[in-house]
Amino acid sequence: MTDALLLDSPSPLLDRLQTLADCPRAEGYACITARREHGASSVTIEGPTLAIVLSGQKWLRGAGIDLTIDPGQLFLVTRSCRIDVMNRPDAQSGLYLTLTIPLCAEVLDAARLLWSVPVVQGGDSIVAMPAARLEADLMAWSGALQAARYGEARLALAAMLVRLCGWGHTAMLVPPPPSLAAQVQALVAPQPERDWRSVDFEAALGMSGATLRRRLAAEHTSLSDAITEARLAHAMTLLYTTRWPVKTVAGRVGYRSSASFVRRFVARYGLQPGDIGNAEA
């Protein structure tokens with residue numbers, strides 16, 4: 001049970017969204033929490049994402065934007081980007097809380113079919129607005145989730161995206177360019193603790209080891225770096241969505257040594273894992 005439910009909310013929409021925090025790992029969204037003010041550098045957002053700040057404050061900078069997001073505001077990430085973030089818990093409750101809704105391929109494909117006008121590339125990578133502007137769609141989505149009607153929930157999200165496209169935010173429907181590193185990371189993500197070897201990717205991607213290394217080098221990365229990126233990204237998710245100790249998180253993403261994990265995490269994000277403040281004492 002999250003302390004999110006202790007918060008006062010000024011509208012039926014925020015009341016409804018806060019009830020979802022009871023089940024922070026439910027299908028279709030994640031409940032991001034923190035109990036200490038902290039910042040992280042160069043955080044990768046893999047693709048189109050919706051998020052609503054419910055408690056505390058979020059600051060986003062980079063990719064051409066500089067935004068402060070207050071409770072009750074929604075922000076839309078229209079495409080993959082790297083940004084610096086600062087999360088500040090609410091002064092009264094001591095909790096930072098945001099619901100994030102990654103937009104899966106099925107939802108994006110449905111929105112592309114429903115949106116009959118050509119999409120426009122470019123524009124801001126992240127835009128913010130009051131969540132109340134999408135109240136009807138968010139109420140439909142959250143209601144379907146609470147009733148475990150996941151098909152209806154995806155349909156509500158697709159309708160929400162069409163509405164956002166009508167306001168000019170069509171860039172999220174542009175298919176991302178293919179990236180071999182992203183394919184490697186997608187293979188690692190479901191099993192970050194696995195002892196991944198080059199042969200695993202060669203078999204899954206249908207290419208020789210030499211071709212795999214050459215193509216990754218052309219993307220200015222390596223197989224080791226792509227695996228590490230996927231592991232650390234998953235670790236960041238666990239640190240925000242669980243109260244597990246750092247040692248447990250390190251093991252869940254494939255690190256036998258907590259010290260080695262912490263060094264890698266700090267080098268990647270400029271942030272100590274414990275600074276998020278969620279781990280149980």
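These numbers come from the heavy atoms of this one structure, side chains and all, not from hydrogens, waters or symmetry mates. FYI, the numbering just counts along the sequence from 1.
Residues Met86 and Tyr269 fall into different hydrophobic clusters, defined by Ile, Leu, Val, Met, Phe, Trp and Tyr side chains chained together at heavy-atom separations under 4.5 Å. Leu232 and Leu223 fall into different hydrophobic clusters, where Ile, Leu, Val, Met, Phe, Trp and Tyr side chains are chained together by heavy-atom contacts under 4.5 Å.
The ring-ring contact (aromatic ring centres under 6.0 Å, His included) analysis of residues 170-223, with sequence neighbours excluded, yields the pairs Trp196-Phe201. Among residue pairs with one or both ends in residues 41-71, none qualify as ring-ring contact (aromatic ring centres under 6.0 Å, His included); sequence neighbours excluded. Sorted by first and then second residue, the ring-ring contact (aromatic ring centres under 6.0 Å, His included) pairs with a member in residues 74-131 form an empty list; sequence neighbours excluded.
Inter-residue side-chain proximity for Lys58 and Thr68 is flagged as unmet; no heavy-atom pair is nearer than 4.5 Å.
Evaluation of the salt bridge (Lys or Arg N to Asp or Glu O under 4.0 Å) rule for Arg263 yields no partner, not counting sequence neighbours. Residues satisfying the side-chain contact (heavy atoms from CB on, under 4.5 Å) test with Ser258, not counting sequence neighbours, are Lys247, Ala250. Every residue two or more places apart in sequence or in another chain that forms a salt bridge (Lys or Arg N to Asp or Glu O under 4.0 Å) with Glu37 is listed here: Arg88.
Salt-bridge check for Asp200 with Arg197: failed, with every basic side-chain N at 4.0 Å or more from each acidic carboxylate O.
Note on ring orientation: taking the six-membered ring where Trp is involved, the planes of Tyr240 and His38 are tilted (angle from 30° to 60°).
Applying the side-chain contact (heavy atoms from CB on, under 4.5 Å) test between Leu180 and each of Gln185, Glu219, Arg214 identifies Glu219 as the sole match.
In this model, no donor atom of one side chain and acceptor atom of the other lie less than 3.5 Å apart for Ser208 and Glu202. Counted by atom type alone, Arg243 and Asn278 present zero donor-acceptor pairs between their side chains at under 3.5 Å.
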